[in-house]
Protein chains: 2
Amino acid sequence: MQERHDGRLQPRHAGTGSNGKNGACLQRLQPRETLFIDGERAHSVFRVRSGLVMTYRLLSDGRRQIHSFARTGDFLTLGTGDLYTVSAEAITESSVEVFRRGKLDNILREDSVFGRQLIQRLTHELSVAREQAAMLGRKSAMERIASFLVFLDRRGDRTPDELIAIPMTRNDIADYLGLTLETVSRMIHRLKALGLIDLPRPDRFRVLCPPELAEAAGEGLWQPRLDSDQGEPDWEFH
Amino acid sequence: MQERHDGRLQPRHAGTGSNGKNGACLQRLQPRETLFIDGERAHSVFRVRSGLVMTYRLLSDGRRQIHSFARTGDFLTLGTGDLYTVSAEAITESSVEVFRRGKLDNILREDSVFGRQLIQRLTHELSVAREQAAMLGRKSAMERIASFLVFLDRRGDRTPDELIAIPMTRNDIADYLGLTLETVSRMIHRLKALGLIDLPRPDRFRVLCPPELAEAAGEGLWQPRLDSDQGEPDWEFH
DNA sequence: CGGCTAGTTGAGCTAGATCAACATTCGTGG
DNA sequence: CCACGAATGTTGATCTAGCTCAACTAGCCG
């Protein structure tokens, strides 16, 4: 049993922020600040404006499974359940748009285009969630790490020097991939030793051999989570 | 690496069946018959009328992750992607309603109630998929088996003698829980030895100690997949 | 009966977890 | 500026849950 994601920074609940455009509220988050919690009444829908926010669930004894790392443009909650089914916490300093849920039903009733786009997104989320299940259920540690790096690489958050940032901790990666932080560290360094990646600092890397890394990732599955890059027109709450 | 779900019964593609009510087609499936395959163009939506059908994905080397066991009333596909993102195969002799996808967009455009119900279902599916991810990523073999038996128990397919049927093979269970069939067998028998369940035959069991079994399941998470029991009114294609 | 499939059980083996140092970065205060 | 401590990351040594391999059993069907 493990329970290593400590609460060193007291996960205080984020307060309400200033008003943004769109009638929607904009909320700022410090690193490790909690936005909402699994089981709470779902009063709002959130979209990331800047930074990186993760969603996760906890087992009763504190084991954690991270479900997604959401970037600018990604939604943190979708769908129409009464309660949140995951918790959300900022990884870096972030800001999120907040849309009150009250409006949602009305919008859905009136705007069928909006509804169809929501269905599209949910469909995609579901596919991504199953991708992750296949990875957690059937891939080796090495394949998971390679998959994860391919995923980061394809997302393409490149720093000026052509490197890819790794903004989350080893612990976060471990809880996303169903491993321990030690194993995450070891496997990353094994890929480096194999010459498939460059790792000048712990939180920066570059893929040296895309095809071989993809090969190591187990392939066949794992369509990366490109969410916001779907080319699909942005949709807004009115 | 493992690849134990053999193709002993050649997974021939199911042919088109007879016409049912509703304008929809009804299709019969033999055990181990494949209904559709991951990556195929998604021309239809399916709902189980009788029997048990599973959905799954394969990694390129044949490792399998089963995502759901769908009973009467459950949908096999939801959402509006162009391609199926899972494969589906009958476990027992089954029949499924087939709704051509062509109609779907029109229905969604015209019937906002239908669209909202679809969103509800997708939302629930997504929550279930994340439940499974948490299990695969963070639960022990024992907890997974206990969770699975609790899930079967709560679904409540009781035989006349108050036993619960286990219609899928050990191999199927293993590929659902991310384990091997041997481990599945061992853990089930350990639960029996502990007196938490009765297992008069390999494919029949009874929960003797619901609270202790739930305890062994790791609790806290794992809301069972009650899909069809939501009390929510059935929705039909017109 | 004999062959086939599913299930059980035992005996190792190993990938990954656990435990334990140690290294590095970073922020804080003197 | 440096010293110090806290947080994060790396690495080694060991342990073990679950996998692998293998034998055996129990139904089932022709």
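Chain letters run A, B, ... following the sequence lines, proteins first, then strands; residues in each count from 1. All values below were derived from every heavy atom in this structure, side-chain atoms included, with hydrogens, water molecules and symmetry-related copies excluded.
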To the nearest Å, give me how far apart [atom1] ([X]) and [atom2] ([N]) are.
| X | N | atom1 | atom2 | result |
| --- | --- | --- | --- | --- |
| Arg32(B) | dT5(C) | CZ | C1' | 12 Å |
| Ile145(A) | dG16(C) | CD1 | P | 10 Å |
| Arg190(A) | dG12(D) | CZ | C1' | 14 Å |
| Leu179(B) | dT20(D) | CG | C1' | 14 Å |
| Arg63(A) | dA17(C) | CZ | P | 13 Å |
| Lys139(A) | dG16(C) | NZ | P | 13 Å |
| Leu177(A) | dA17(C) | CG | P | 11 Å |
| Met187(A) | dT10(D) | CE | P | 14 Å |

Among Leu59(A), Leu58(A), Leu136(A), the one residue meeting side chain to side chain contact (heavy atoms under 4.5 Å, CB included) with Gln65(A) =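 The option that passes is Leu136(A).
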Just checking, is any N or O donor in the side chain of Asp161(A) or Thr159(A) under 3.5 Å from an acceptor N or O on the other one?
->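 Side-chain D/A pair, Asp161(A) to Thr159(A): present.
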Could you check whether [X] pairs with [Y] (Lys NZ or Arg NE/NH1/NH2 to Asp/Glu carboxylate O, under 4.0 Å)?
| X | Y | answer |
| --- | --- | --- |
| Arg57(A) | Glu131(B) | yes |
| Asp74(B) | Arg121(B) | no |
| Asp175(B) | Arg170(B) | no |

If every non-hydrogen atom of Leu177(B) is compared with every non-hydrogen atom of Arg144(B), which pair is closest and at what distance?
->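 Distance-wise, the nearest heavy atoms are O-NH1, 2.7 Å.
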Between protein and nucleotides 7-9 of chain C, what N or O pairs are separated by less than 3.5 Å?
unit_1 : atom_1 : unit_2    : atom_2 : d
dG7(C) : OP2    : Arg170(B) : N      : 2.9
dT8(C) : OP1    : Arg170(B) : NH2    : 3.3
dT8(C) : OP1    : His189(B) : NE2    : 2.7
dT8(C) : OP2    : Arg170(B) : NE     : 2.7
dT8(C) : OP2    : Arg170(B) : NH2    : 3.3
dT8(C) : OP2    : Ser185(B) : OG     : 2.8
dT8(C) : O5'    : Ser185(B) : OG     : 3.3
dT8(C) : O5'    : His189(B) : NE2    : 3.3
dT9(C) : OP2    : His189(B) : ND1    : 3.3

Determine the interplanar angle of the Phe151(A) and Phe148(A) rings, folded into 0 to 90°, and report it as parallel if under 30°, tilted if 30 to 60°, perpendicular if over 60°.
->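 The rings of Phe151(A) and Phe148(A) sit tilted, inter-plane angle from 30° to 60°.
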Phosphate contact (dC19(D) OP1 or OP2) by Thr180(B) side-chain N/O below 4.0 Å =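 Answer is yes, contact under 4.0 Å.
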End axis versus end axis in the helix from dC1(C)-dG30(D) to dG30(C)-dC1(D), the angle rounded to 10°, five pairs used at each terminus |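 End-to-end axis angle: 30°.
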For Tyr84(B), ring-ring contact (aromatic ring centres under 6.0 Å, His included) partners two or more places apart =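 With sequence neighbours excluded, Tyr84(B) shows a ring-ring contact (aromatic ring centres under 6.0 Å, His included) to Phe36(B), given in chain and number order.
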Residue Arg190(A) excluded, over 12 heavy atoms near CZ under 6.0 Å |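 No, the 6.0 Å shell around CZ holds no more than 12 heavy atoms from other groups.
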